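Below: the structure, in structure tokens.
Naming: A, B, ... by sequence-line order, numbering from 1 per chain. Computed from a predicted model, the values in this text were never measured in an experiment.
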Number of protein chains: 2
Amino acid sequence: MEYIDDSAFLIAFGKNLRKHRKLKGFTQAQLAIDLRFDISQISRIERGIINTSIGNINAIANILKVDIKVLFDF
Amino acid sequence: MEYIDDSAFLIAFGKNLRKHRKLKGFTQAQLAIDLRFDISQISRIERGIINTSIGNINAIANILKVDIKVLFDF
DNA sequence: TAATATGTAGGCAAATATGCCTATATTTTA
DNA sequence: TAAAATATAGGCATATTTGCCTACATATTA
């Protein structure tokens, strides 16, 4: 198993999240509103700027109607 | 798809993490040392007290040598 | 091209996680 | 049972995330 550092992991995660958000037809703003998140958070997460919580990712998966494991499959 | 609130999710996640930690033969202390985490964090995560980051979970998966998706499979 | 929609950048205060610490409880082993 | 190992509880200072905000950049559409 290959080691992946935190920064590379967060960037890869964000890229994958963005892919699935678009596949489900959400803009960052729409997703943020449904989640009652601030819109800036979605942008920060997708760019790998911040290391968000597993609870937030679970909430995102619920709104996107995808299995949470899909968001970690990259 | 069933809605799972943050608290229930964190508790279920922690329970599953504990299961996989034990399957791999780690104590909380051993895991914390390898991760350079404080030991109290492992206990807090496994009990669902805190909502830790995806980066931390990735680091844990690396140390346990499990696919990160396994930790979200419950 | 021009207008509109979508996303990025960054400052700041408040909320939350984290590390470090001591003490206590629970579980496992001799 | 007694001792040792493992896990829980909680306080406190520091670090990080988050929401709210304004401004700017990029992409999409008329």
Side-chain angles (χ1 to χ4, degrees), chain A residues 3-66 68-72 74, chain B residues 3-66 68-72 74:
Chain A
Y3 178 73
I4 183 169
D5 75 25
D6 227 59
S7 166
F9 171 77
L10 294 179
I11 289 171
F13 178 87
K15 190 173 175 183
N16 188 51
L17 171 59
R18 175 167 300 188
K19 182 179 92 176
H20 286 285
R21 170 178 61 80
K22 291 188 171 180
L23 279 173
K24 291 291 186 166
F26 281 78
T27 64
Q28 290 182 348
Q30 286 173 321
L31 184 56
I33 289 166
D34 287 359
L35 289 163
R36 301 175 198 233
F37 281 12
D38 190 83
I39 182 175
S40 65
Q41 279 303 98
I42 307 298
S43 176
R44 288 162 172 162
I45 294 167
E46 288 186 351
R47 286 176 290 138
I49 301 297
I50 56 166
N51 189 4
T52 195
S53 67
I54 56 175
N56 282 348
I57 299 311
N58 178 57
I60 289 171
N62 287 334
I63 296 297
L64 294 185
K65 292 186 170 54
V66 299
I68 189 171
K69 293 191 291 297
V70 166
L71 300 182
F72 290 96
F74 52 90
Chain B
Y3 177 72
I4 183 169
D5 74 27
D6 226 58
S7 166
F9 171 77
L10 294 179
I11 288 171
F13 179 86
K15 191 174 174 181
N16 188 51
L17 171 59
R18 176 167 301 188
K19 181 179 96 176
H20 286 285
R21 172 179 60 79
K22 290 187 171 180
L23 279 174
K24 291 292 187 167
F26 281 78
T27 64
Q28 290 183 348
Q30 285 174 323
L31 184 56
I33 289 166
D34 287 0
L35 289 163
R36 301 176 198 232
F37 282 11
D38 190 84
I39 181 177
S40 65
Q41 279 303 97
I42 308 298
S43 176
R44 288 162 172 161
I45 294 167
E46 288 187 351
R47 286 176 290 139
I49 301 297
I50 56 166
N51 190 4
T52 194
S53 66
I54 57 175
N56 282 348
I57 299 311
N58 178 57
I60 289 172
N62 286 335
I63 296 296
L64 294 184
K65 293 185 170 56
V66 299
I68 190 171
K69 293 191 292 298
V70 165
L71 300 182
F72 291 95
F74 53 90

Treating A:Gln41 as the side-chain partner and A:Asp38 as the backbone partner, does any N or O pair qualify as donor plus acceptor under 3.5 Å?
no
Measure the distance from NZ on A:Lys22 to P on C:dA5 and round it to the nearest whole Å.
17 Å
Within the pair A:Arg18 and C:dT8, is there a side-chain N or O less than 4.0 Å away from OP1 or OP2?
yes
Which heavy atom of B:Gly25 sits nearest to which heavy atom of B:Gln30, and what is that distance?
O-OE1, 3.4 Å
Show the nearest heavy-atom pair for residues B:Ile42 and B:Ala32, with the distance to one decimal.
CG1-CB, 3.9 Å
Is the shortest side-chain N/O distance from A:Gln28 to OP1 or OP2 of C:dA5 below 4.0 Å?
no
B:Thr27 side chain near D:dT6 phosphate (N/O to OP1/OP2, under 4.0 Å):
no
Taking the axis from the first five pairs and the axis from the last five, what angle separates them in the helix from C:dT1-D:dA30 to C:dA30-D:dT1, rounded to 10 degrees?
70°
Any side-chain N or O of B:Asn56 under 4.0 Å from OP1/OP2 of C:dA17?
no
So which of residues 33-42 of chain A are in contact with DNA chain C, with a heavy-atom cut-off of under 4.0 Å?
none
If you round to the nearest 0.5 Å, how far is OG of B:Ser43 from CZ of B:Arg18?
6.5 Å
Separation of A:His20 NE2 from A:Ile60 CD1 (nearest 0.5 Å):
12.5 Å
In numerical order, the residues of residues 45-55 of chain A whose heavy atoms come under 4.0 Å of DNA chain C are A:Arg47
Nearest-Å distance, CG (B:Asp6) to C1' (C:dA15)?
14 Å
Integer-rounded Å distance: C:dT8 C1' and A:Ile11 CD1:
15 Å
Distance-only donor-acceptor test, A:Arg44 side-chain atoms vs D:dG19 base atoms, 3.5 Å
yes
Heavy-atom donor-acceptor pair, B:Asn58 side chain to B:Ser53 backbone, under 3.5 Å
no
Rounded distance (nearest 0.5 Å) linking atom CG of A:Leu10 with atom OG1 of A:Thr52:
9.5 Å
Please check this pair: side chain of B:Asp34 against backbone of B:Ile63, looking for a donor-acceptor N/O pair closer than 3.5 Å.
no
Counting N and O atoms only, with roles assigned by atom type, does the side chain of A:Arg21 sit under 3.5 Å from a partner on the main chain of A:Leu17, one being a donor and the other an acceptor?
no
B:Phe72 and B:Asn16: which non-hydrogen atoms are nearest, and at how many Å?
N-ND2, 4.2 Å
Hey, is the main chain of A:Leu35 close enough, under 3.5 Å, to the side chain of A:Asn62 for a donor-acceptor pair?
no
